[in-house]
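On a predicted model such as this, the values are computed, not experimentally measured, just so you know. Counting begins at 1 with the first residue of the sequence.
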Amino acid sequence: QVQLVESGGGLVQAGGSLRLSCVASGAMSSINPMGWYRQAPGKQRELLADIRTSGTTNYAESVKARFTISRDNAKNTVYLQMNSLKPEDTAVYYCYAKVWVFWRWDDYWGQGTQVTVSS
């Protein structure tokens with residue numbers, strides 16, 4: 001029912017910036033929260049940041065000073081502005097959304113977008 005599509009990944013030099021976008025489409029009502037995860041090869045998928053409809057945000061300590069999450073509720077879109085990128089940021093970045101379905105919340109994931117940071 002719900003599709004999440006990420007965009008904005010790619011190659012960037014250390015110290016550069018990227019802005020990721022994720023659009024949720026399909027029949028839906030409440031989406032709360034939306035966020036971003038990443039997974040590097042051989043590592044566990046980790047939460048980077050999420051944001052509620054109210055604007056309340058949550059960040060991992062490792063990216064709090066460099067990444068900014070935002071959302072447009074009317075467009076069902078979440079963004080991740082990534083500045084001062086480091087090689088250790090290289091990973092597949094996944095969009096995440098929790099969507100209300102009748103009496104419960106369901107989890108939805110995008111297919112991921114590759115971010116590669118060169119030194």
Side-chain angles (χ1 to χ4, degrees):
Q1 294 278 54
V2 179
Q3 297 287 129
L4 303 180
V5 180
E6 304 102 332
S7 62
L11 299 172
V12 65
Q13 291 186 5
S17 298
L18 286 174
R19 190 185 191 222
L20 305 183
S21 300
C22 173
V23 180
S25 62
M28 67 195 79
S29 56
S30 183
I31 308 175
N32 207 23
M34 300 184 76
W36 292 93
Y37 287 70
R38 71 183 179 190
Q39 188 167 24
K43 295 185 178 180
Q44 199 83 359
R45 186 174 297 188
E46 62 174 336
L47 172 66
L48 300 177
D50 60 29
I51 183 168
R52 305 188 67 81
T53 55
S54 64
T56 300
T57 58
N58 176 50
Y59 292 94
E61 286 297 321
S62 61
V63 303
K64 185 176 181 180
R66 300 181 294 120
F67 292 8
T68 302
I69 190 170
S70 60
R71 68 184 286 174
D72 186 329
N73 293 331
K75 297 179 179 179
N76 292 325
T77 300
V78 64
Y79 307 93
L80 187 68
Q81 178 67 45
M82 305 187 295
N83 299 323
S84 301
L85 284 163
K86 305 174 181 178
E88 51 263 44
D89 294 319
T90 296
V92 178
Y93 285 67
Y94 295 92
C95 180
Y96 164 82
K98 191 176 288 290
V99 181
W100 179 252
V101 180
F102 298 109
W103 72 97
R104 62 186 174 91
W105 295 92
D106 282 349
D107 297 328
Y108 289 88
W109 295 89
Q111 294 185 356
T113 184
Q114 178 70 44
V115 172
T116 302
V117 184
S118 62
S119 60

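- I51 is not listed as a side-chain neighbour of P33, based on a closest heavy-atom distance of 4.5 Å or more.
- At a threshold of 4.5 Å between side-chain heavy atoms, the hydrophobic network of Ile, Leu, Val, Met, Phe, Trp and Tyr places W36 and V117 in one connected group.
- Closest heavy-atom contact between A91 and A40: CB-N, 3.8 Å.
- With rounding to the nearest 0.5 Å, the separation of CG in L18 from CG in L85 is 5.5 Å.
- Residues N58 and L47 meet the side-chain proximity criterion, which asks for heavy atoms closer than 4.5 Å.
- Listed by chain and number, the residues in a salt bridge (Lys or Arg N to Asp or Glu O under 4.0 Å) with E46 are R38 (sequence neighbours excluded).
- In this structure, M34 CE and N73 CG are separated by 9.0 Å, a value rounded to the nearest 0.5 Å.
- If you take CZ on R66 and OG1 on T68, they are separated by 11.0 Å, rounding to the nearest 0.5 Å.
- Residues forming a side chain to side chain contact (heavy atoms under 4.5 Å, CB included) with W100 (at least two apart in sequence, or on another chain): S29, S30, W105.
- Between Y96 and D50, the closest side-chain pair of non-hydrogen atoms is not below 4.5 Å.
- A donor-acceptor contact shorter than 3.5 Å is absent between the side chain of Q111 and the backbone of V5.
- Shown here for S119 and A14, the closest heavy-atom pair between the two residues is CA-CB, 4.3 Å.
- Counting only heavy atoms from C-beta outward, the side chains of N32 and R71 approach each other to under 4.5 Å.
- Nearest heavy atoms, S21 versus Y79: OG-CD2, 3.3 Å.
- Under the 4.5 Å side-chain criterion, counting only non-hydrogen atoms from C-beta, V78 is in contact with C95.
- Under a hydrophobic clustering in which Ile, Leu, Val, Met, Phe, Trp and Tyr are joined whenever their side-chain heavy atoms come within less than 4.5 Å, directly or via other members, Y37 and V115 fall into different clusters.
- With Q13 contributing its side chain and S118 its backbone, the two residues share no donor-acceptor pair below 3.5 Å.
- Contact of the E6 side chain with the Y93 side chain is not registered, since no non-hydrogen atoms from C-beta on lie closer than 4.5 Å.
- Using modelled atom types, one side-chain atom of Y59 and one backbone atom of I69 make a donor-acceptor pair closer than 3.5 Å.
- The number of heavy atoms from other shown groups lying within 6.0 Å of CD (Q3) does not exceed 12.
- Between L4 and C22, the closest heavy-atom pair is CB-SG, 3.9 Å.
- Here the side chains of D89 and F67 are in contact, with some heavy-atom distance below 4.5 Å.
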Tell me, with the steps shown, if M82 and L20 meet side-chain contact (heavy atoms from CB on, under 4.5 Å). CA-CA 8 Å; M82 305 187 295; L20 305 183; 3.8 Å; yes
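- In this structure, the side chains of Q114 and T90 come closer than 4.5 Å at one or more pairs of heavy atoms.
- Under a hydrophobic-cluster definition in which Ile, Leu, Val, Met, Phe, Trp and Tyr are linked whenever side-chain heavy atoms come within less than 4.5 Å, directly or via other members, V23 and V92 are assigned to different clusters.
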